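Scroll down for the structure; my scribbles are underneath it.
Indexing begins at 1, ligand by ligand and atom by atom, following the structure's order. Bear in mind that the values here come from a model prediction, so they are computed numbers and not experimental data.
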Amino acid sequence: MENNVEDFMKKVIEKNPGEKEFHQVVREVIESIMPFIEKNPKYKKAKILERMVEPERVIMFRVPWVDDKGEIQVNRGYRVEFNSAIGPYKGGLRFHPSVTLSGLKFLGFEQTFKNSLTTLPMGGGKGGSDFNPRGKSDGELMRFCQSFMSELFRHIGPNTDVPAGDIGVGGREIGYLFGMYKKLKNEFTGVLTGKGRNWGGSLIRPEATGFGAVYFAQELLKTKGEDFKDKIVTISGFGNVAWGVALKLDQLGAKVVTLSGPDGYIYDKDGVKGEKIDYMLEMRASNNDRVEDYAKKYDVPFYAGKKPWDIKCDIAMPCAIQNELVGDDAKTLIKNGCKLIAEVSNMGCTPEAAKLATEKIAFAPGKAVNAGGVAVSGLEMSQNSMRYNWTSEEVDARLHQIMKDIHEACVKHGRISENKVDYIKGANIAGFVKVADAMLDYGVI
Ligand code: 2IT
């Protein structure tokens with residue numbers, strides 16, 4: 001088995017040199033799926049894994065735009081259309097200076113499994129640009145988005161590829177992107193999700209990733225006879241995802257004591273609640289990309305250049321970016337009595353951190369925990385197709401049920417003993433089967 005994983009990885013590394021994040025995510029998936037494949041030779045014979053690690057299509061393009069000083073800037077745009085076996089490519093757009101092809105291939109691969117887990121008919125894709133929104137004016141953001149869409153529009157469509165937001169892309173950016181698409185195509189369709197309420201967006205989509213993550217963690221806690229009441233939770237990030245998590249945790253009586261940004265983290269021992277949660281939206285809209293403003297406004301300690309994982313907590317929920325919680329952080333959390341690491345960011349934990357948490361406490365992987373965001377995107381697509389809007393109660397109830405179903409699927413495929421579930425294994429196998437079976441049905445294509 002070990003050999004099979006190593007042989008497989010050797011080929012993936014040779015074929016995709018230097019793509020570190022992509023190698024990392026493929027290894028994580030392959031390690032849990034290989035034993036399953038060995039037991040089910042039909043997948044092996046059809047070379048399903050070999051086919052799944054190759055994106056169906058990669059689009060890379062120039063994005064020129066003019067800044068406020070009249071200077072021309074050139075960024076690179078991407079869309080990785082990874083897998084359309086069970087539906088149109090679906091996944092967010094990330095605008096962040098760290099964006100590379102490797103990073104988007106990791107995210108697109110991960111998205112394929114995540115979207116399959118949601119139970120909705122969506123394939124996997126991801127895109128974005130190395131554009132840095134920090135410090136940009138509204139006009140600059142708009143011109144960048146318009147230039148980006150003036151190329152992307154010819155590759156996407158409501159039945160082909162449906163992008164959404166991710167880091168650096170929220171409601172405002174989706175507005176600029178959708179406006180340009182609509183103009184170029186002369187069509188009003190659900191080609192993007194995360195749209196504004198008045199032009200085809202779904203209620204609860206802004207909250208969905210965070211709410212879904214908390215619903216998933218709630219299910220996991222339930223298996224241990226626990227709930228969120230009076231729990232101390234450390235979270236990282238301060239953007240849309242962290243906001244939704246903080247909002248739902250506050251409703252459930254937990255106390256969120258940290259937020260973080262690229263500048264460091266804040267520690268609020270009284271809890272991030274009430275208007276402090278609304279203030280997170282202001283920080284995001286300011287384009288300053290820092291949390292120190294929170295510390296100044298609410299007079300709480302700020303730790304420059306640090307991550308919040310040395311604060312004592314019951315539950316840790318990383319909500320920022322990949323590999324933000326490493327092995328040593330996991331050790332500190334476990335030593336301080338943390339009982340669960342629920343990864344909300346995509347691949348937020350390094351393999352060492354995820355393994356430690358799985359063995360010693362409990363761990364839930366991002367592709368299951370954060371699937372609520374794309375799940376409500378799927379519900380937005382359904383509403384757009386029907387030309388109808390559901391109430392927030394209806395969308396929230398559907399989201400809640402989907403997260404319960406994802407948790408159940410993880411338990412079904414990931415149970416390793418009477419009181420232990422390997423959620424990484426469970427999520428990977430559950431996500432794989434649906435996509436793989438569809439690929440078998442299509443033949444070699
Ligand atoms: O990582 C993710 O699942 C997202 N950024 C959301 C994707 C979507 O299509 O809503």
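In E110, neither the side chain nor the backbone holds a heavy atom less than 4.0 Å from any atom of ligand 1. Residue contacts with ligand 1 for N346 involve side-chain atoms from C-beta outward but no N, CA, C or O (heavy atoms, distance under 4.0 Å). Contact annotation: for K126 versus ligand 1, heavy atoms closer than 4.0 Å belong to the side chain alone.
For I174 against A164, the heavy-atom pair with the smallest separation is CD1-C, 3.7 Å.
In this structure, atom 9 (O) of ligand 1 lies nearest to the protein heavy atom K90 NZ, 2.7 Å. Among protein heavy atoms, atom 6 (C) of ligand 1 sits closest to R205 NH2, 3.6 Å. From the protein, the heavy atom lying nearest to atom 10 (O) of ligand 1 is S377 OG, 2.5 Å. At the top of the distance list for atom 7 (C) of ligand 1, counting protein heavy atoms only, stands G92 N, 3.5 Å. Among protein heavy atoms, the minimum distance from atom 2 (C) of ligand 1 is reached at K114 NZ, 3.3 Å.
Ligand-side atoms of ligand 1 in range of D166: 1 (O), 4 (C), 5 (N), range being under 4.0 angstrom from any heavy atom. Annotation for ligand 1: atoms under 4.0 Å from non-hydrogen atoms of A164 are 8 (C), 9 (O), 10 (O). Short contacts between ligand 1 and G91, defined as distances under 4.0 Å to a heavy atom of the residue, involve ligand atoms 7 (C), 9 (O).
A salt bridge is defined here as a Lys NZ or Arg NE, NH1 or NH2 lying under 4.0 Å from an Asp or Glu carboxylate O, and E31 with R27 meets this definition.
The ring pair (Phe, Tyr, Trp, His ring centres under 6.0 Å) check on Y181 picks up nothing, with sequence neighbours excluded.
Residue-ligand proximity: G165 is placed with a non-hydrogen atom under 4.0 Å from ligand 1. Under the 4.0 angstrom criterion for non-hydrogen atoms, Q111 is in contact with ligand 1.
By the 6.0 Å and 45° rule, K136 stacks over the aromatic ring of F131.
Side chain of E81 to main chain of E56: no donor-acceptor pair is present (N/O by atom type, distance under 3.5 Å, no hydrogens or angles).
Using a 4.5 Å cut-off on side-chain heavy atoms (C-beta onward), R57 and Y89 make contact. Side-chain contact between V421 and T223: absent, with no pair of heavy atoms (C-beta onward) separated by less than 4.5 Å.
With 3.5 Å as the limit, one finds no donor-acceptor pair spanning the side chains of N428 and Y423.
Not a single N or O atom of N370, backbone or side chain, sits closer than 3.5 Å to an N or O atom of ligand 1.
Note: Y294 and Y279 have tilted aromatic rings, judged against thresholds of 30 and 60 degrees for the angle between ring planes.
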